[in-house]
Amino acid sequence: MKIAVCIKQVPDTEARLRVAKDARWVDEEDLPFVINESDEYALEEALRLAEKSGGEVVVFSLGPDRVREALRKTLALGASRSVLLRDDAFAGGDALANGKALAVAIGREPFDLVLTGSQSDDLGYGATGSVIAGVLGWPHAWLVMGLTIDEGGASARVVREMESGKNEIFRVQLPAVIQVQAGINHPRYASLKGIMAAKKKEIAEVTAADLGLSETGAAASRLEVLSVGAPESGKATQILEGDAVTAATKLVELLQREARVM
Amino acid sequence: MAKVWVVLQQRENKLHRMSWEAIAAGQALAAELGGTAEAVVLGSAVETLANEVAGRAALAAVHLAEHPALESYTPGAYVGALADLLREASPDWVVFPHTYQTVDFMPRLAQELGAGLLPEVIGFASGADGLVWKRPVLGGKLHARVRVKGDGAVLLSVQSGAFSADSMVAGTSAVKRSTVGAIAADREILGTEDVGGDTVDLTKADIIVAVGRGIGGADKMGPVNDLAAALGAEIGASRPVIDNGWLPRDRQIGSSGQTVAPKLYIAAGISGAIQHLVGMKGSTIVVAINKDAGAPIFGVASYGIVGDLHEVLPALTAAVRAAKSN
Ligand SMILES: Cc1cc2nc3c(=O)[nH]c(=O)nc-3n(C[C@H](O)[C@H](O)[C@H](O)COP(=O)(O)OP(=O)(O)OC[C@H]3O[C@@H](n4cnc5c(N)ncnc54)[C@H](O)[C@@H]3O)c2cc1C
Ligand SMILES: Nc1ncnc2c1ncn2[C@@H]1O[C@H](COP(=O)(O)O)[C@@H](O)[C@H]1O
């Protein structure tokens, strides 16, 4: 099986975020970046499928130069090669614009399956994988917690998460785009051997012109982020000051006396 | 005049509760823009649902789209049916509830219609920048102000709790039956299954101590167990704790897990992403313990301690034990 995996590089969820001077996004200076959480699960799922069927995993990402580090990590984990969609023209794209660019890049090779994450931890559209499927004219499934390729490889059995602790199960025809949800598997760690091997693997760069896209990124997007800022809090939160013991003692007192929940 | 459509969600002939919130949002948007709001119900035999909406909400019309292929949800059939309807009606804004079903097909419908796509909004306001939408980004740590540019319809989904169903304008309207053309399912439905079984029912607990990724590993659960024992509490968790295998799936709280409303909810090392908040924000008292003062969990908390949970939890356990022995 030949499998494409889309990964996005996003700010580490642990990182302290500072709003940039122009307030349009966060200040990226000294900001640690990681592979988007559900994308790590998508990559692991792809690697397992490829190992079973003797196939190949190719990783795609759209973003600036810093994304090379994330791609190098996917190569260390076992992907064969990677493609970076790198062009200033790609900047500022919404899910429709980015999904289209990724789909065109993926569509230049014959893949049996495309795996993406379910949602990016930064913009969180939950849509890019479906858009890729739409451009390719393939079926898709969002929030996938189980994936089994049927005998013969023409279809797959998909377990999809629903609200309220239930999954739905169905079959889709392949090729398809499967949007993997975190928790589907347990992603592996890179081995030293993998890290060494990754140094020799390819990170190919493509531009908008290479993909024949005259309009992409912000120019092809209907959404424009004007500014970002801290959410206004709806609730008056009482912060208990002092060291852990002082704060904890005060909290228990309030829970007993004021809130009466203890 | 702006034309707003609201696409309602039903499953097994029951309206999803967020359908009412979507109607409230659609009405508010129509009022803001000086337009009208209409709703559409899809399914195989859902006339009673259309009647229910038409009898309760102030709308210009409730459209009823029935077809055998809409019996079970599949993106293929839903996109096919809605694309025809929306092409004919050509609304400016189409409002959806932000549910796992809607988000699954909304992007494909937007592509089919050549429309814009605006997922997960939590509000809007008109001002100097025109109509500006608000949506959470970066796990809810920040909110983005987003403007729509260009021409053509926009499909948007409203996040749970952003528009209260209580704010829906009551009224009545007529049900209009639509014809649905040739549509086809693109999934062969095989059934449903329970996720890991609800062996632990957290909804009955008076007190829940919930842990997030900040706990740092399965081997670090000791202080959490101690605090829960001291309080007589159940233990809950955010999704990454479960995904990492630190606790079993039946402890997950949030949109994919259990929805709880205990008297006391202590969230330790949980950032407060919307998918977690929807599962616990009905709690009477929320206590947040987090080393990041900017974590959104503080926004729903009555009491907060900014600090390292590895220090705070043992201190809290000691304080609870001391209080109980008095
Ligand atoms: C479709 C979908 C469904 C989802 N369903 C759910 C769901 O049902 N339930 C759910 O919870 N999530 C769900 N999520 C995931 C959700 O979006 C968040 O990713 C998740 O809730 C984050 O979990 P967290 O707060 O534990 O981790 P993080 O966001 O990584 O936060 C960890 C927090 O711990 C704090 N911290 C770290 N170390 C310490 C320390 N030593 N002391 C104190 N604080 C510390 C950090 O400051 C941070 O705020 C879903 C996501 C999607 C896309
Ligand atoms: N810039 C990008 N490069 C590669 N993949 C992406 C990019 N943006 C989104 N994706 C993929 O699409 C998924 C959903 O992203 P989103 O629609 O932004 O929530 C992510 O989990 C990734 O797998």
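Here is how names work: the chains are called A, B, and so on, in the same order as the sequence lines, proteins then strands, and each is numbered from 1. FYI, side chains are in, hydrogens and waters are out, and symmetry mates aren't considered; it's all heavy atoms of this structure.
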Legend entry - Contact leader toward chain B among Val19(A), Val172(A), Leu123(A), where contacts are heavy-atom pairs under 4.5 Å: Leu123(A)
Legend entry - Aromatic plane relationship, Tyr100(B) with Trp142(A) - under 30° parallel, 30 to 60° tilted, over 60° perpendicular: perpendicular
Inset, instruction - Measure distances from Ala23(A) to the heavy atoms of chain B and classify the residue's part below 4.5 Å as side chain, backbone, both or neither. - result: neither
Legend entry - Side chains of Ser256(B) and Arg239(B), donor plus acceptor under 3.5 Å: yes
Legend entry - Engaged part of Thr99(B) at the chain A interface, taking heavy atoms whose separation is under 4.5 Å: both
Legend entry - Heavy-atom contact with chain A under 4.5 Å, split by part of Ile285(B): side chain
Inset, instruction - With a 4.5 angstrom heavy-atom cut-off, could you sort out which part of Leu240(A) is near chain B: side chain, backbone, both or neither? - result: both
Legend entry - Phe298(B) CZ to Ile289(B) CD1 distance, which is reported to the nearest 0.5 Å: 8.5 Å
Inset, instruction - If the plane angle is over 60° it's perpendicular, under 30° parallel, otherwise tilted; pick one for Tyr73(B) and Phe105(B). - result: tilted
Inset, instruction - Would you mind telling me which of Ser155(A), Gly183(A), Gly229(A) has the largest number of heavy-atom pairs within less than 4.5 Å of chain B? - result: Gly229(A)
Inset, instruction - Please look at Arg157(A) and chain B and tell me whether the side chain, the backbone, both or neither of the residue comes under 4.5 angstrom of a heavy atom of that chain. - result: side chain
Inset, instruction - Quick one: which of Glu161(A), Met262(A), Glu253(A) has the most heavy-atom pairs under 4.5 Å with chain B, could you say? - result: Glu161(A)
Legend entry - Heavy-atom contact with chain B under 4.5 Å, split by part of Gln119(A): side chain
Legend entry - Among His16(B), Glu311(B), Arg135(B), residue most engaged with chain A (heavy-atom pairs, under 4.5 Å): Arg135(B)
Legend entry - Spacing of NZ belonging to Lys263(B) relative to OG1 belonging to Thr284(B), to within rounding of 0.5 Å: 8.0 Å
Inset, instruction - Against chain B, label Ala176(A) side chain, backbone, both or neither, depending on which of its atoms sit under 4.5 Å from a heavy atom there. - result: neither
Inset, instruction - Go through Val79(B), Leu231(B), Ile122(B), Val300(B) and name the one with the most non-hydrogen pairs under 4.5 angstrom from chain A. - result: Val300(B)
Legend entry - From CG (Leu155(B)) to CG (Leu109(B)), nearest 0.5 Å: 5.0 Å
Inset, instruction - Check each atom of Val10(A) against the heavy atoms of chain B and say whether the ones under 4.5 Å are side chain, backbone, both or neither. - result: neither
Inset, instruction - Just give me the residue among Lys166(A), Gln181(A), Glu163(A) that pairs up with chain B most often, heavy atom to heavy atom, under 4.5 Å. - result: Glu163(A)
Legend entry - Portion of Leu251(A) that has a non-hydrogen atom of chain B nearer than 4.5 angstrom: side chain
Inset, instruction - Check each atom of Glu37(A) against the heavy atoms of chain B and say whether the ones under 4.5 Å are side chain, backbone, both or neither. - result: side chain
Inset, instruction - Report yes or no: does Thr249(A) contribute a side-chain atom to a donor-acceptor pair with the main-chain N or O of Val245(A) at less than 3.5 Å? - result: yes
Inset, instruction - Please answer whether the main-chain N or O of Lys8(A) pairs with a side-chain N or O of Asp39(A) as donor and acceptor at a distance below 3.5 Å. - result: yes
Legend entry - Any side-chain donor near an acceptor of the partner, Tyr41(A) and Asp243(B), under 3.5 Å: no
Legend entry - Toward chain B, the part of Leu254(A) with a non-hydrogen atom under 4.5 Å: both
Legend entry - Closest-packed option against chain A by number of heavy-atom pairs under 4.5 Å, given Ser72(B), Gly152(B), Ala293(B), Pro296(B): Gly152(B)
Inset, instruction - Would you mind checking if Arg16(A) and Asp292(B) are paired as a salt bridge, meaning a charged N to carboxylate O distance below 4.0 Å? - result: yes
Inset, instruction - Please round to the nearest 0.5 Å and tell me the distance separating atom CG of Leu277(B) and atom OG of Ser238(B). - result: 11.0 Å
Inset, instruction - Select one option (side chain, backbone, both, neither) describing which atoms of Leu223(A) are under 4.5 Å from chain B's heavy atoms. - result: both
Legend entry - Choice from Thr192(B), Leu138(B), Val286(B), Val154(B) maximising heavy atom contacts with chain A below 4.5 Å: Leu138(B)
Inset, instruction - Tell me, for Leu96(A) versus chain B, whether the close heavy atoms (under 4.5 Å) come from the side chain, the backbone, both or neither. - result: side chain
Legend entry - Contacting region of Pro231(A) [heavy-atom separation from chain B under 4.5 Å]: both
Legend entry - Test item: side-chain donor near acceptor, Ser227(A) and Arg145(B), under 3.5 Å: yes
Legend entry - Among the listed options Ile169(A), Thr13(A), Val228(A), the residue most often paired with chain B at heavy-atom distances under 4.5 Å: Ile169(A)
Inset, instruction - State plainly whether the residues Glu224(A) and Lys149(B) are in salt-bridge range, i.e. N to O under 4.0 Å. - result: no
Inset, instruction - Select one option (side chain, backbone, both, neither) describing which atoms of Lys291(B) are under 4.5 Å from chain A's heavy atoms. - result: both
Inset, instruction - Look up atom CG in Asn167(A) and atom CG in Asp194(B), then write down how far apart they are to the nearest 0.5 Å. - result: 9.0 Å
Inset, instruction - Measure distances from Arg260(A) to the heavy atoms of chain B and classify the residue's part below 4.5 Å as side chain, backbone, both or neither. - result: neither
Legend entry - Contacting region of Val158(A) [heavy-atom separation from chain B under 4.5 Å]: neither
Inset, instruction - Please check if the side chain of Gln111(B) supplies one atom and the backbone of Val131(A) the other of a donor-acceptor pair under 3.5 Å. - result: yes
Inset, instruction - Answer yes or no on whether Arg160(A) is positioned over the face of Phe170(A), meaning its NZ or CZ is under 6.0 Å from the six-membered ring centre and within 45° of the axis. - result: no
Legend entry - Contact winner vs chain B - Ala141(A), Pro11(A), Ser120(A), Ser118(A), heavy-atom pairs under 4.5 Å: Ala141(A)
